[in-house]
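Note sheet for the following structure.
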Amino acid sequence: MCFNRLDIVMEQGISLERAISLVQNEKKKLPLEVVHLDNAHGRILGKDLISKVNDPRFDNSAMDGWAVRKEDCLEPNTSLQIIGINQAGNPQTNHINTGQACKIMTGAQIPTGANAIVMIEDSEIKGDIVIISGPARETYIRRKGENISKGDETLSVGHFMDPAAISLAATMGHEHIEVFSKPTVGIISTGDELIMPGSEINDYQIYESNSFGISSLVERIGGKPIRYETVADSLDKLRDALNHAAEHCDLIITTGGVSMGDFDIVRKLMELEGKINFWKVKMRPGGPPLFGKWQTIPIFGLPGNPVSSHLVFSMLVYPWFEASFCANTDSKLSLGRKVRVKMLNDVKGAQDKICLRRIKITSEGNNLVATTHTHQGSGNIHSMVAHNGLTLLPPNVDAKIGEIIDAFWFN
Ligand code: AMP
Ligand code: MG
């Protein structure tokens with residue numbers, strides 16, 4: 001632990017776990033808003049959803065076929081008198097007596113007196129008689145409430161509204177749902193060398209890429225990104241940009257300028273005028289991230305190297321969203337998941353740091369296996385496209401061919 005220039009306690013060179021807990025301490029209490037299901041995809045549920053109905057709402061047929069009495073169909077090729085037809089969406093008025101059958105469509109209510117269904121394929125119609133050649137099954141009746149009972153809570157606060165969750169909300173009778181308002185996230189890239197893709201470029205310049213990737217990560221997990229203009233390596237310009245962002249954002253993310261270089265202005269300005277909760281995390285790549293507050297707004301200073309900024313987002317910024325959205329492992333809010341993989345290449349770990357090598361995870365027999373392909377440099381964003389996962393190698397641990405290790409598999 002050490003003190004920065006404002007004598008604010010700052011932790012330095014901490015473990016990833018410690019960094020995550022400091023980040024989550026600064027979670028935002030997000031207000032709720034009501035959205036129509038048409039606009040709910042990708043939103044995070046802010047209030048538990050209780051079913052307004054039973055599902056199924058009534059006993060109904062799982063098959064197109066015949067509603068019968070099972071005891072009438074024990075002998076092969078039984079003939080039954082056809083008394084009518086039940087269609088889904090029509091009120092049910094038919095009653096079956098012994099020796100009778102009612103034609104029934106999938107989803108239609110079961111006629112009174114019937115206790116089983118025969119598939120249409122197992123029957124032949126002759127005038128007003130049906131000859132039954134297959135089994136009459138009770139299991140072809142879907143029972144009232146067998147999926148969900150009225151009053152059940154099937155979706156909880158923090159749930160990521162994916163397509164299945166949206167259909168479930170509709171099944172339960174909800175046209176509108178309460179979701180967390182999207183946190184507004186200001187994204188500011190820094191660096192004199194950066195120029196927008198599509199612009200004329202000089203020999204000493206590079207295309208700015210971080211803000212685009214980080215912005216899509218924010219969007220992907222339910223935030224509202226504002227991608228601000230790139231800021232040159234100037235304390236005054238950065239101060240103006242942060243002040244502006246602090247007026248409009250719930251969270252600020254900068255990229256670049258957090259290491260030890262002469263022009264690492266994010267770190268410098270934060271030391272001079274911000275509050276730093278921690279700087280540097282024991283992870284590779286992505287070692288020098290900074291987290292603190294600009295005025296009252298939480299701010300992440302991500303490293304400039306493109307792989308580092310993406311990985312620090314996944315490992316460290318994502319937990320801020322998770323906490324603010326009250327998400328847990330059941331919530332389906334995620335950028336990926338922890339798995340065990342068998343390495344098909346040797347990979348080197350990192351001294352004193354958790355090592356996040358890019359790996360390609362595939363399944364082979366009963367195992368997930370992992371291979372490495374491109375150059376692993378933290379400047380090589382192509383490595384994030386050519387691979388789909390990361391090693392989670394503990395500090396000072398290498399992995400040899402054939403070893404099974406922890407890994408993170410991006411969704
Ligand atoms: P820095 O952390 O500012 O020293 O930057 C580290 C490396 O990442 C340098 O090679 C930068 O040119 C590069 N870099 C910084 N910001 C970006 C960005 N927004 N897009 C692409 N590369 C960047
Ligand atoms: Mg820079």
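First listed ligand is number 1; within each ligand, the first listed atom is number 1. Side chains are part of it too, since the values below use all heavy atoms of this structure and drop only hydrogens, waters and symmetry mates.
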Q) Which is closest to atom 6 (C) of ligand 1 in terms of heavy atoms, Val307, Asp264, Asn305, Ile187? A) Asn305
Q) What is the nearest protein non-hydrogen atom to atom 18 (C) of ligand 1, stated with its residue, atom name and distance? A) Asn210 ND2, 3.2 Å
Q | Atom indices of ligand 1, in the order listed, that fall short of 4.0 Å to a heavy atom of Gly257 | A | 1 (P), 2 (O), 3 (O)
(Q) For a side-chain contact (heavy atoms from CB on, under 4.5 Å) check, start with the C-alpha distance between Tyr207 and Ile195, then their side-chain angles and the critical distance, and finish with the verdict. (A) CA-CA 5 Å; Tyr207 291 124; Ile195 187 147; 4.2 Å; yes
Q. When you check the gap from the basic side-chain N to the acidic O, do Lys342 and Glu364 get nearer than 4.0 Å?
A. no
Q) Is ligand 1 under 4.0 Å from a heavy atom in the side chain of Thr230, in the backbone, in both, or in neither? A) neither
Q. Which bit of Ser189 gets closer than 4.0 Å to ligand 1, counting heavy atoms only: side chain, backbone, both or neither?
A. side chain
Q | Side-chain donor-acceptor pair present, Asp55, Thr171, cut-off under 3.5 Å | A | no
Q.
Using side-chain contact (heavy atoms from CB on, under 4.5 Å), reason through Trp279 and Met270 one step at a time and then give a plain yes or no.
A. CA-CA 10 Å; Trp279 177 46; Met270 285 298 292; over 6 Å; no
Q) Gln205 and Glu193: side-chain contact (heavy atoms from CB on, under 4.5 Å), yes or no, with the steps? A) CA-CA 5 Å; Gln205 293 175 317; Glu193 73 279 34; 5.5 Å; no
Q. Is there at least one pair of N or O atoms, one from Pro306 and one from ligand 1, spaced under 3.5 Å apart?
A. no
(Q) Using a 4.0 Å cut-off to any heavy atom of Glu193, which atoms of ligand 1 qualify? (A) 11 (C), 12 (O)
Q. Got the closest protein heavy atom to atom 22 (N) of ligand 1, with its distance?
A. Ile206 CD1, 3.5 Å
Q. CE/Met260 to NZ/Lys280 distance, rounded to the nearest 0.5 angstrom?
A. 5.5 Å
Q. Do any N/O atoms on Ser209 end up under 3.5 angstrom from N/O atoms on ligand 1?
A. yes
Q. Among all protein non-hydrogen atoms, which one is nearest to atom 19 (N) of ligand 1, and what is the separation to 0.1 Å?
A. Glu208 OE2, 2.8 Å
Q: Enumerate the atoms of ligand 1 whose separation from the nearest heavy atom of Gly256 is less than 4.0 angstrom.
A: 2 (O), 3 (O)
Q: May I ask you to check whether Ser334 and Asn411 show a side-chain donor-acceptor distance below 3.5 Å?
A: yes
Q.
Give me the residue, atom name and distance of the protein heavy atom closest to atom 13 (C) of ligand 1.
A. Gly304 O, 3.8 Å
Q | His310 to Ile381 - nearest heavy-atom pair and separation | A | CD2-CD1, 3.7 Å
Q) Do Asp64 and Thr106 get their side chains close enough for a donor-acceptor pair, meaning under 3.5 Å? A) yes
Q. Which atoms of ligand 1 are found less than 4.0 Å from any heavy atom of Thr255?
A. 19 (N)
